[in-house]
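Here is the structure we will look at.
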2 protein chains.
Amino acid sequence: MGSETEIAMTRAAAHESLFSERASHIKQSAVRDVFELSLDPTLVSLAGGNPYLQSLPLEKLGAMASELIATQGMTALQYGSGQGTEELRLQICEVMAEEGITGVDPNNIVVTTGSQAAQDVACKVFCNPGDTVLCEDPTYVGALNTFEAYQVRAEPVATDEHGLIPSALRQRIDELRSEGARIKFLYTIPNFNNPSGITLAAERRAEIAEICIAENILILEDNPYGMLRYSGEPIKPLRAYHPDHVIYMGSFSKILAPGLRIGWAVVPPHLFRRFYLAAEAVTLCPATFNQMLISKYLSEHDWRGQIQTYRELYAGRCEAMLQALDEYMPDGVGYTRPEGGFFIWVTLPEGIDTYPLLSKGIEAGVVFIPGAAFSPHDAPSHRLRLAFSAVPEDKIREGIKRLAPVLAEAIAENGVR
Amino acid sequence: MGSETEIAMTRAAAHESLFSERASHIKQSAVRDVFELSLDPTLVSLAGGNPYLQSLPLEKLGAMASELIATQGMTALQYGSGQGTEELRLQICEVMAEEGITGVDPNNIVVTTGSQAAQDVACKVFCNPGDTVLCEDPTYVGALNTFEAYQVRAEPVATDEHGLIPSALRQRIDELRSEGARIKFLYTIPNFNNPSGITLAAERRAEIAEICIAENILILEDNPYGMLRYSGEPIKPLRAYHPDHVIYMGSFSKILAPGLRIGWAVVPPHLFRRFYLAAEAVTLCPATFNQMLISKYLSEHDWRGQIQTYRELYAGRCEAMLQALDEYMPDGVGYTRPEGGFFIWVTLPEGIDTYPLLSKGIEAGVVFIPGAAFSPHDAPSHRLRLAFSAVPEDKIREGIKRLAPVLAEAIAENGVR
């Protein structure tokens with residue numbers, strides 16, 4: 001047995017040398033770390049940003065799927081175009097028009113396996129190892145993982161309650177340029193940012209686009225939550241004003257169903273071909289059946305009404321969380337008041353690291369994501385993300401109630417130190 | 001207008017500098033080049049390797065999809081595990097057992113968006129730019145595109161009617177090593193190779209594995225057609241004997257439906273974690289609904305019987321193509337006689353480039369893929385690929401009849417030169 005183990009160890013060591021340099025940069029998402037925990041029914045999980053699907057017309061969707069396979073199965077189950085079906089790309093134009101993005105040529109759309117895959121393609125097509133991308137601080141953990149996988153340096157730019165701060169962006173670009181950084185794009189989630197819930201103010205959008213255009217930095221605009229605004233005035237995406245400088249990413253994951261894994265990218269014509277070919281090279285084509293099912297849903301169901309249902313639902317949950325926070329949170333805890341989306345961003349006094357609080361939270365019966373996950377430097381963070389999208393209102397309240405003493409204790413200890 | 005055009009050109013030039021080095025290596029597949037043509041009903045397309053789906057139990061599949069959404073929609077339409085559902089991974093073990101791969105731990109399987117995505121992940125995890133991979137000459141064009149996208153040097157190794165030639169492999173490894181090449185893996189399609197239709201002989205499999213193990217070169221075994229053997233003796237995949245050295249890729253595209261985009265990789269335990277994380281980073285998870293639909297199909301339908309139906313169908317089409325080739329092909333044309341799969345590989349006399357023959361074929365009403373597509377060097381090839389999988393027998397016969405004079409003319413001209 002000893003020698004078998006030895007052989008296995010030698011083999012593993014020999015194979016270790018075969019990994020690519022980038023392989024060591026690919027790490028587990030903190031959100032995934034607590035994925036298993038989220039399934040424990042005794043815990044209230046405010047960790048995962050799953051959409052709430054109970055309000056979907058399941059019987060109807062099922063009937064659509066059935067009809068689709070029975071009557072158009074030969075097409076739906078076959079390989080399709082690497083760009084996605086023309087019908088869906090036309091409908092995606094209608095979906096985007098709801099947010100003020102008009103005049104898009106469906107030829108400039110690539111349908112992808114969720115918008116995560118579009119992000120991967122953007123890195124593949126634009127980033128050499130060592131290149132720099134700018135992002136909001138905090139930003140989406142999945143994007144950070146993609147950047148790491150491509151050995152891209154992600155540089156966070158400061159945000160406040162109105163989103164990315166233009167002067168901070170300008171300064172960071174100057175600093176990075178003087179260090180010789182090759183900056184490829186700014187990655188931004190302007191609406192109801194994940195994890196902060198913050199929305200980038202309209203006047204800042206214009207200013208940020210102006211800076212990026214002047215500096216020849218592309219904008220990668222990620223807008224999965226944009227349609228889920230439940231209060232305040234709608235603000236048009238950056239893509240609406242800057243079609244030649246923005247690669248726009250949309251998704252059906254939050255307005256329909258993530259389990260279908262269908263998203264899209266709108267790519268300026270002069271950048272399109274390489275983006276499209278790279279997308280095609282990874283999966284040949286997005287799942288034909290899933291695209292056709294979404295097309296059928298969009299053409300036969302009141303999808304705008306469904307989004308309205310979602311809006312009301314998430315508005316209620318957000319409000320329930322805010323009320324519970326107002327009621328239970330100890331002094332010294334601040335939090336965002338989002339106008340849409342899935343998340344609230346909680347700030348504790350400086351000096352408190354929320355990572356070790358996670359296990360204490362779990363002991364108390366509540367799960368959250370520590371703030372460090374949402375910044376590229378893995379530095380200790382005194383913030384944390386709460387998701388209200390997938391949890392009923394009474395559970396939200398219970399979760400916040402369980403969280404409060406954990407945070408109060410941390411604050412008390414921090415004060416003593 | 002002139003100045004607007006100028007601005008657009010300046011912008012495009014400025015953005016051009018933002019592309020990654022690898023972006024220029026991503027090119028259109030030759031198979032995709034003729035994809036549009038394949039849709040012209042006046043042409044007989046022997047180009048695309050689409051599976052024939054008419055024999056699927058569509059009504060039943062439709063009912064399964066409907067029931068799935070109606071009764072398990074909350075799970076089916078939601079995000080799932082990045083590794084794929086446990087149920088499907090257990091069933092994949094059963095599928096692989098049909099080909100003699102037994103004792104697989106479902107924990108070592110990653111479900112992917114088609115096996116193309118598994119290939120992409122393998123390159124991502126193992127290949128730095130400039131690294132070398134070995135492949136059969138000829139090999140799958142989609143794999144070549146993936147290698148190019150990762151700036152990997154693909155080195156073709158000679159094959160004959162029994163597949164990859166071990167002595168040629170050994171020699172090529174020595175040559176490459178003496179040049180300082182970093183060889184990461186051998187990519188092989190041992191059963192009914194795409195495009196050649198050739199099957200790697202059993203004794204060669206053992207010898208090739210031995211060479212690779214001794215040289216610390218992994219084996220990336222791509223086996224989408226293995227279940228579609230319609231004559232001759234089954235030969236076990238390399239994975240069946242060498243679980244620690246083979247990354248095995250399987251797919252539901254050819255035994256069920258490509259439009260669902262579900263494939264898988266079996267990865268040795270000591271290589272698993274990085275492979276899995278890289279797969280997850282690209283798409284978060286494979287489409288949950290598609291996985292559950294396949295699980296339902298595998299558990300409620302006679303899938304082995306369905307594969308038997310496919311086998312008989314493709315056997316008939318292969319036979320029809322061989323008979324037509326025997327009847328119509330001029331002297332000097334050779335072709336493989338596959339025991340399974342979708343393709344026949346045609347060899348013309350040396351000195352003939354099949355690429356310019358494509359347009360002549362189209363004029364004559366038949367489409368094929370020129371051989372150059374299946375080799376990394378894009379050198380002129382005197383071979384071409386014919387696919388019989390998607391075409392009814394009478395059309396196959398008609399296609400070959402149309403092709404014959406095109407080839408005869410080329411041979412006559414070649415003799416004159």
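Sequence lines set the chain letters: A, B, ... in the order given, protein chains first and strands last, and positions in each chain run from 1.
Per-residue heavy-atom pair counts under 4.5 Å with chain B were compared for His245(A), Lys60(A), Met64(A), and the maximum is reached by His245(A). Interface summary for chain A: among Thr288(B), Ile262(B), Val125(B), the most heavy-atom pairs under 4.5 angstrom belong to Val125(B). Comparing Ala390(A), Ala287(A), Pro129(A), Ser17(A) by how many heavy-atom pairs each has under 4.5 Å with chain B, the most go to Ala287(A).
With a 4.5 angstrom heavy-atom cutoff, Ala278(A) touches chain B via backbone and side-chain atoms both. Interface remark: Leu56(B) contributes side-chain atoms only to the contact with chain A (heavy atom separation under 4.5 Å). For a residue to count as touching a neighbouring chain, one of its non-hydrogen atoms must lie under 4.5 Å from one of that chain's; by this rule Thr112(A) does not touch chain B. Residue Pro57(B): no heavy atom, backbone or side chain, is found under 4.5 Å from chain A. Contacts of Leu293(A) with chain B are made by side-chain atoms alone, with heavy-atom separations under 4.5 Å and no backbone atom involved. Both the backbone and the side chain of Thr283(A) come within contact range of chain B, with heavy atoms under 4.5 Å apart. For chain A, the nearby parts of Ala12(B) are the backbone and the side chain; heavy atoms of each come within less than 4.5 Å. Looking at Pro268(A), there are no atoms closer than 4.5 Å to chain B (heavy atoms on both sides), in backbone or side chain. With a threshold of 4.5 angstrom between heavy atoms, Ile183(B) approaches chain A through N, CA, C or O but not through any side-chain atom. Using a 4.5 Å cut-off between heavy atoms, Arg182(B) does not touch chain A at all. For Ala14(B), the parts lying near chain A are the backbone and the side chain together; criterion is any non-hydrogen pair under 4.5 Å.
Taking the side chain as every heavy atom from C-beta outward, Tyr79(B) and Ser253(A) approach each other to under 4.5 Å.
For the 3.5 Å distance criterion, the side chains of Tyr150(B) and Lys124(A) qualify, holding a donor opposite an acceptor. Tyr52(B) and Gln78(A) are not linked by any side-chain donor-acceptor pair at a separation below 3.5 angstrom, with hydrogens and angles left out of the test.
When the ring pair (Phe, Tyr, Trp, His ring centres under 6.0 Å) test is applied to Phe342(B), the partners found at least two apart in sequence or on another chain are Tyr225(B), Tyr314(B). In terms of the ring pair (Phe, Tyr, Trp, His ring centres under 6.0 Å) criterion, residue partners of Phe147(B) (sequence neighbours excluded) are, by chain and number, Tyr187(B).
The pair Arg274(B)-Glu16(A) counts as a salt bridge, with a side-chain nitrogen and a carboxylate oxygen less than 4.0 angstrom apart. Between Lys296(B) and Glu67(B) a salt bridge is recorded (basic side-chain N to carboxylate O distance below 4.0 Å).
Partner of Pro286(A) under the side-chain contact (heavy atoms from CB on, under 4.5 Å) criterion, out of Val111(A), Leu88(A), Thr85(A), Val110(A): Val111(A) alone.
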